[in-house]
Amino acid sequence: MRHRFFSLIPLLLWPGLAGASSGLGLLPPVQPHVPTPDDVFSQIDTWEQRIRESPRGERHEAHVQLARLYLATGLRKHMDTALDHAEQAIGLNETSGEAWLLACEIEAAYQYALPALARLDRAPDSVNEIPAAKWLRGRLHYMRGKEILDRDHLSKALVALRSFVAAAPDRARGWAYLGVTAIALGDYGTAMFASNGLATASEEDFESRPVLAPLLAAAAQSGLGALGASELLFNSAIVQLPARFQTVFLRSRGFEPLEVQSKEMTLEEYWRKIDPHPAREGNERRLDYWRRLVESELLFGSSDQVGWNTDLGDAWVRFGRPVSTRFIAPDLISTNVDNYGDDSPESIVGRSLEGGSDPLKPRPRELINDSQWWAWSFDYGEDSFYLAFRDRTHNKDWKGSDQSEYERADREQEASLYFPVRSVVPEFVLEVDAAGFFGPQGKPRLETYVAVHPPTEGWSKEQLGLAETPLAVLEYAIFDARGQRIDYVRTELQGGRLLSAMLSRLSSDACNGREHDDALLHQVGAYLAPGEYRVVVEVTLPTDDQHRSVDLNVTLNGLPKQGLVVSDLEFTRSFQRLERVEDFPVEFVKHAHAIVPNPSGRYQAVGNDLHVYYEVYNLGLDDSGLARFDTKYEIFHKLETSEPQRVHGDDRRLRAEPVSAQFVGGRAGVSPYGVVVKGSALDIGDLPAGDYVLAVTVVDRLRERQKTQLKDFQVE
């Protein structure tokens with residue numbers, strides 16, 4: 001057995017035929033025992049003697065057996081003799097399903113899929129109702145469809161194979177080929193159905209089914225968008241592959257993006273960078289790449305070559321599924337790439353995988369006597385291109401042509417791996433901030449604040465008037481230090497979360513009087529253990545599918561039993577006592593106060609106060625159980641620094657003189673578990689536009705300790 005990845009498509013897979021090598025054996029053997037040549041020729045002599053001695057009406061069985069025996073020699077010179085005996089058996093008994101199917105098997109062994117299908121069409125209805133005939137029809141259509149990526153044949157194969165597995169659900173080979181055909185068509189729902197059947201089929205068990213079933217399922221789940229399930233299935237299958245093939249999946253050797261090579265970026269960082277939906281479980285781009293590897297092997301692999309190492313398979317992996325595939329005349333390469341021709345046995349052209357337009361009429365002699373040409377079209381929005389492949393020997397040995405060599409080189413220089421891109425540029429602004437606090441028993445609590453600023457024209461009156469219509473869809477995910485997703489929330493944001501709507505309930509001015517700045521707000525809280533985390537927030541506008549995402553790295557520390565601690569600072573639009581807590585969105589209520597966040601950290605210089613919220617822990621208490629502390633607020637110009645900026649916990653020391661900051665007022669209270677909570681407002685009306693740092697210093701007068709927290713903000 002050859003030690004390579006796998007070959008899902010052996011050329012000979014028919015009962016009674018000599019077995020073909022199938023790599024790691026992902027498809028079941030159909031002839032576990034092959035007689036020796038001496039046994040075969042001895043039996044041939046016996047059955048030929050029986051024909052000579054039997055009356056004509058009793059020779060049917062002998063012709064069938066001789067056809068099988070001549071086929072079993074594996075010698076091509078005996079194929080015609082085998083077919084002749086099968087046809088004589090049909091002549092003696094036209095209703096013999098065994099003879100009809102045997103004749104088709106022989107033609108299939110010749111790789112004559114179309115004549116074999118034509119023979120099946122001529123067979124009696126009783127023959128075509130036999131499960132083996134349904135299997136054979138599906139396999140023949142699959143042979144022809146895979147050869148030229150013809151959607152019509154592949155679709156017919158799918159119908160026949162579905163019928164076969166319905167009649168014989170315990171036959172693993174039917175489920176395997178149904179799944180492979182569905183993958184070729186991009187019918188991932190059927191591929192998932194087939195992978196489930198393959199995993200549970202009771203007969204025809206074979207060594208590598210534990211790899212094939214999850215690979216089919218993983219590719220199908222990726223195509224269906226079930227990224228978490230796809231990743232689990234891929235991981236299950238990949239670990240069972242030989243090490244050199246695991247490398248292609250896990251390290252992308254041979255397809256390594258240029259960005260990783262040139263910028264010394266790790267591959268994991270690259271996949272994270274280009275993931276279009278980072279909040280969702282599973283990396284969509286990496287799973288897309290893995291699916292392409294599987295598809296290229298299914299479509300272009302053979303018993304002696306890995307699919308992605310062929311020119312066709314390499315293009316499939318690098319550029320994805322082509323939007324169309326066309327066979328073309330050599331003189332049309334540079335001027336017209338289109339679909340033409342019929343699907344007769346004499347024609348070497350066929351319909352594309354994705355269909356085509358009206359057929360052109362090439363010069364048949366030119367196509368037959370010269371090499372064959374195959375053009376694949378790729379479409380990336382406004383950026384479309386095609387690659388041409390050439391088969392000089394007519395042996396399905398497709399190589400990239402000189403016509404497209406430079407185009408391919410240019411594409412690989414731009415990006416080793418191409419992925420579909422959204423044609424719409426997001427026009428809304430997404431702002432995200434986070435702050436760390438402590439809950440009961442000192443458990444760290446991470447709060448994430450989100451502001452979605454609408455497109456330039458603002459939210460439409462129709463959108464605002466429909467209470468049940470979401471203005472935006474928010475996806476929120478937390479990943480631990482190992483990259484495992486530990487929390488996920490999907491929320492539809494409606495008009496009640498608009499800044500103007502909330503401030504109006506508090507009798508406050510709405511968003512500086514500028515309607516297009518009326519942000520949609522949300523807040524998510526999570527109790528976590530101390531450690532390093534990655535927070536991802538993704539927002540999609542359902543009206544036009546625009547989306548943006550923000551990725552934050554945060555550190556949560558534990559609460560020491562002793563020593564003054566001040567939480568991170570949270571910039572807010574308002575901090576007001578609520579008379580009725582239930583009248584306000586619950587995520588913005590803390591300790592009976594409405595706290596409306598301002599994750600942008602931007603404030604207008606005129607007519608606005610800077611509001612900040614924070615909490616104080618481990619204050620000293622006097623004999624009456626009261627704390628005595630002072631708070632100092634300072635604002636500094638932000639200094640240029642090369643130090644890395646963190647979301648919170650920044651302990652940089654300021655080296656600039658403070659600027660004017662006037663305390664306007666604030667509120668203080670004690671939480672139910674004894675923590676002092678503070679909300680304060682500062683007058684920043686005299687500050688010119690620029691970048692600043694707010695420093696809040698808490699001084700514990702009883703224990704003579706102090707703690708300072710810093711946070712950057714901007715005045716516009």
Side-chain angles (χ1 to χ4, degrees), residues 8-10 12-17 19 22 25-32 64 67-68 71 86 89-90 93-109 113-146 151-185 187-206 208-209 212-213 216-217 220 298:
L8 295 178
I9 322 297
L12 302 177
L13 198 63
W14 308 101
L17 300 184
S22 59
L26 292 188
L27 286 180
V30 295
Q31 185 181 344
V64 169
R68 292 196 178 281
L71 191 59
I90 293 173
N93 183 358
E94 292 187 354
T95 62
S96 172
E98 185 179 22
W100 279 101
L101 296 181
L102 185 56
C104 292
E105 290 172 3
I106 296 168
E107 288 175 324
L114 294 177
L117 285 168
R119 185 183 294 277
L120 270 180
D121 290 338
R122 297 194 304 271
D125 292 342
S126 59
V127 173
N128 281 286
E129 290 302 317
I130 300 173
K134 297 175 181 179
W135 153 252
L136 185 56
R137 183 179 293 278
R139 180 64 175 89
L140 290 167
H141 276 300
Y142 170 77
M143 284 174 56
R144 183 59 177 165
K146 172 185 174 292
R151 176 169 289 276
D152 183 53
H153 277 291
L154 290 171
S155 297
K156 291 177 179 177
L158 206 68
V159 172
L161 290 168
R162 269 187 171 277
S163 181
F164 173 69
V165 297
D170 57 340
R171 306 300 296 274
R173 63 178 179 178
W175 292 109
Y177 274 92
L178 178 64
V180 171
T181 304
I183 289 291
L185 283 167
D187 183 352
Y188 299 114
T190 299
M192 190 66 224
F193 168 70
S195 68
N196 291 334
L198 176 62
T200 57
S202 59
E203 292 187 2
E204 291 187 305
D205 202 10
F206 52 103
S208 296
R209 182 162 59 168
L212 175 57
L216 282 175
L298 298 177

Option passing side-chain contact (heavy atoms from CB on, under 4.5 Å) with His141 (candidates Met143, Arg137, Arg144): Arg137
First locate atom CE of Met192, then atom CD1 of Ile183, and finally report the distance between them rounded to the nearest 0.5 Å. 10.0 Å
Taking only residues two or more places apart in sequence or in another chain, which ones pass side-chain contact (heavy atoms from CB on, under 4.5 Å) with Thr200? none
Please name the pair of heavy atoms, one in Ala213 and one in Ala199, separated by the smallest distance, quoted to 0.1 Å. CB-CB, 4.2 Å
Any side-chain heavy atom of Arg162 sitting closer than 4.5 Å to one from Leu178? yes
Could you pull out the closest heavy-atom pair between Ala157 and Thr181, with the gap in Å? CB-CG2, 4.0 Å
Those residues at least two apart in sequence (or on a different chain) that pass ring-ring contact (aromatic ring centres under 6.0 Å, His included) with Tyr188 are none
Nearest 0.5 Å please: distance from the NZ atom of Lys146 over to the CG atom of Leu154. 10.0 Å
Looking at Ser195, is its backbone amide N or carbonyl O close enough to the side chain of Trp175 to form a donor-acceptor pair, meaning the two atoms are under 3.5 Å apart? no
Test item: His153 and Tyr142 side chains (from C-beta on) under 4.5 Å apart, heavy atoms: no
Return the set of residues passing side-chain contact (heavy atoms from CB on, under 4.5 Å) with Ser163 (not counting sequence neighbours), or none when no residue passes. Lys134
So, using side-chain contact (heavy atoms from CB on, under 4.5 Å) as the criterion, who are the partners of Ala182 when residues are at least two apart? Leu158, Asp187, Thr190, Ala191
Compare every heavy atom of Ala176 with every heavy atom of Leu212, then report the nearest pair and how far apart it is. CD2-CB, 4.0 Å
What orientation do Tyr177 and Trp135 show, parallel under 30°, tilted 30 to 60°, or perpendicular over 60°? perpendicular
